[in-house]
Amino acid sequence: MNTISSLLKSFYEETTPKRGLPAAAYKDAKFWEAECASVFTRNWVCVGFAHELQAAGDAVPVTLAGHPLLLVRNMAGEIRAFHNICRHRCLTLVDAPKNVGKLIRCPYHAWAYDLDGKLRAAPHFGGVNEHQAEGFDASQNSLVPVRSHVWNDWVFVNLDGNAPDFDAYSASMQARLEGIDWDKVDCIGTLDFGEIACNWKFIMENFIEPYHVQFVHASTTDQPLADHYTIVDGNCLGSAVDLDEEIGTSGSLGVSSRYLTLYPNFILGRYFPDQMGVYLNIPTGPGTMVQKRTLYTTEGQTLTPDAIEGLKKLWWDVHKEDHEMTERLQLGRSSTVSEAGGVLSPAWEDSVRAFQELVAQDVTTLEKH
């Protein structure tokens with residue numbers, strides 16, 4: 001049987017230029033399972049937007065690495081994360097975004113939990129009108145919490161609870177966002193792209209490298225390749241462009257920009273002087289994922305409804321251009337030609353290679369244990 005390490009043999013070969021991850025990393029169930037047990041378990045993974053949980057009782061279910069999770073805003077205004085599992089018979093508690101009121105109630109046998117996960121009711125568990133049973137300790141049957149952190153509008157979880165402190169984990173990205181007045185950041189809209197027929201890594205890699213921009217986005221952007229450079233800074237990877245003349249974001253993207261990712265799945269685009277976009281990328285299987293993008297202004301800027309709709313159309317078109325490429329990349333992994341991973345530009349895709357090395361390190365470290 002092939003091990004993960006053997007699947008990555010070509011990736012680690014000393015070649016010039018370097019190779020990308022082999023096809024198996026994008027389509028094999030075994031590799032996907034290894035990512036679930038390592039990449040998405042031991043790191044801080046973005047799973048939601050705080051603005052989608054406005055009021056106490058707002059609850060949003062999400063599945064990460066096969067684990068049903070639940071994000072809830074409690075009575076103190078904090079966002080908590082739990083395994084979305086009733087402690088009685090392990091039913092998933094919430095199956096769609098909703099406000100649950102003051103209690104998260106299981107629809108199967110009416111067990112109820114407060115917004116901090118504490119079991120408050122186990123009706124008739126010991127018999128008719130007997131809500132206790134011998135040996136049953138309600139305090140040991142609360143919802144199981146998941147380590148979480150809210151950074152501005154973005155909710156992160158760490159499934160195994162062993163990742164570094166979030167500020168330390170994200171320090172390299174946060175340093176590249178200096179100068180933003182977070183009190184003046186406003187959400188102006190969300191684009192929901194639903195399911196994309198590609199492996200999650202293709203979306204990340206596409207965002208990280210600038211090589212494709214002048215070819216794929218010729219009609220939607222005005223950012224010449226010569227003005228770009230790549231960013232490799234620990235677990236913050238991406239690219240940037242600095243323009244002498246900027247034409248704005250209306251109709252065509254022609255502004256100085258920072259395209260930043262925080263490993264493994266967080267994407268943030270900063271568009272000077274006053275706009276930002278953040279992506280929610282949730283992997284759902286070896287060849288599928290779902291994606292949203294939320295648009296923000298960053299300097300207290302007020303946009304007209306027409307301007308907002310114009311931005312939404314621009315970004316919808318840009319993303320659809322990218323999705324066509326990433327879905328065709330996925331299709332290409334069906335060919336034996338792709339088994340060795342293709343080659344990466346040393347000038348424009350060193351950031352992609354660095355991202356792939358983080359993935360490879362996670363999955364192979366898991367195998368050694």
Side-chain angles (χ1 to χ4, degrees), residues 46 49 51 151-154 156 170 172-182 184-193 196 200 202-214 216-217 220-225 227-233 235-243 246-282 289 291-299 301 303 307-308 310-323 325-326 348 351-352 355:
C46 185
F49 294 110
H51 73 259
W151 178 37
N152 298 305
D153 190 35
W154 316 303
F156 292 78
S170 61
S172 53
M173 171 175 268
Q174 293 199 43
R176 294 181 178 275
L177 297 173
E178 288 184 352
I180 293 179
D181 184 344
W182 295 106
K184 294 183 179 179
V185 173
D186 295 313
C187 172
I188 59 171
T190 297
L191 302 174
D192 189 345
F193 296 102
I196 307 168
W200 70 281
F202 284 133
I203 288 289
M204 301 302 297
E205 293 167 5
N206 179 79
F207 191 82
I208 286 168
E209 57 93 349
Y211 192 15
H212 73 284
V213 173
Q214 68 180 25
V216 176
H217 304 305
T220 52
T221 68
D222 189 8
Q223 296 180 324
L225 182 61
D227 296 318
H228 284 81
Y229 54 93
T230 58
I231 294 170
V232 178
D233 185 6
N235 58 7
C236 177
L237 305 162
S239 67
V241 57
D242 296 322
L243 302 179
E246 306 193 62
I247 61 175
T249 54
S250 178
S252 176
L253 182 61
V255 296
S256 295
S257 307
R258 301 290 180 269
Y259 301 96
L260 304 174
T261 69
L262 181 66
Y263 179 78
N265 75 324
F266 184 68
I267 287 178
L268 183 150
R270 184 181 182 184
Y271 312 98
F272 290 89
D274 51 22
Q275 290 178 31
M276 184 167 64
V278 169
Y279 308 62
L280 180 62
N281 305 297
I282 302 293
M289 61 169 292
Q291 183 183 63
K292 288 183 181 180
R293 175 192 173 100
T294 293
L295 286 67
Y296 304 87
T297 56
T298 61
E299 295 299 325
Q301 182 187 29
L303 298 180
I308 291 173
L311 276 177
K312 285 183 176 180
K313 182 181 186 308
L314 169 65
W315 284 115
W316 184 272
D317 292 345
V318 169
H319 282 290
K320 289 315 233 180
E321 290 169 345
D322 284 328
H323 295 162
M325 297 300 107
T326 59
W348 304 115
S351 48
V352 171
F355 166 77

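Note that the structure is predicted; figures quoted are calculated from it, not measured.
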Side chains of [X] and [Y] in contact at under 4.5 Å (non-hydrogen atoms):
X	Y	answer
T261	F207	yes
F266	V278	yes
T190	L280	no
L268	W154	yes
I231	S351	no
Q275	Q301	yes

### Task
Please report the C-alpha distance between R258 and D242 in whole Å, then the side-chain angles of each, then the deciding distance to 0.1 Å, and finally whether the side-chain contact (heavy atoms from CB on, under 4.5 Å) criterion is met.
CA-CA 9 Å; R258 301 290 180 269; D242 296 322; 2.9 Å; yes
Can you tell me how far the [atom1] atom of [X] sits from the [atom2] atom of [Y], to the nearest 0.5 Å?
X	Y	atom1	atom2	result
R293	D192	CZ	CG	14.0 Å
L311	L303	CG	CG	6.0 Å
L295	W315	CG	CH2	8.0 Å
T230	E209	OG1	CD	10.5 Å
N152	Q174	CG	CD	7.5 Å
E299	D186	CD	CG	10.5 Å

Output all residues satisfying side chain to side chain donor-acceptor pair (under 3.5 Å) with [X], sequence neighbours left out; order by chain, then residue number.
X	answer
Y263	D362
W348	none
K312	none

### Query
Which residues pass the side chain to side chain contact (heavy atoms under 4.5 Å, CB included) test with T298, sequence neighbours left out?
V185, D274, M276
### Task
Using side chain to side chain contact (heavy atoms under 4.5 Å, CB included) as the criterion, list what pairs up with N206, not counting sequence neighbours.
H212, D322, T326
Give me the atom names and distance for the closest heavy-atom approach of [X] to [Y].
X	Y	answer
N281	N265	O-ND2, 2.8 Å
M204	P264	CE-O, 3.2 Å
C46	I282	O-CD1, 3.7 Å

### Message
Applying ring-ring contact (aromatic ring centres under 6.0 Å, His included), can you list everything that pairs with F193, at least two apart in sequence or on another chain?
### Response
W316, H319, H323
### Message
Quick check: W200 with Y279 (ring centres under 6.0 Å apart)?
### Response
no
### Heavy atoms of other groups near F202 CZ, more than 12 under 6.0 Å
yes
#### Entry: More than 12 heavy atoms of other groups within 6.0 Å of K313 NZ
no
### Query
Of V232, L260, L262, which is the lone residue that meets side-chain contact (heavy atoms from CB on, under 4.5 Å) with L237?
V232
### Task
Check the angle between the aromatic planes of F156 and W151 and answer parallel, tilted or perpendicular using the 30° and 60° thresholds.
tilted
### Query
With no hydrogens and no angle check, is any side-chain donor or acceptor of D153 less than 3.5 Å from a backbone partner on F49?
no
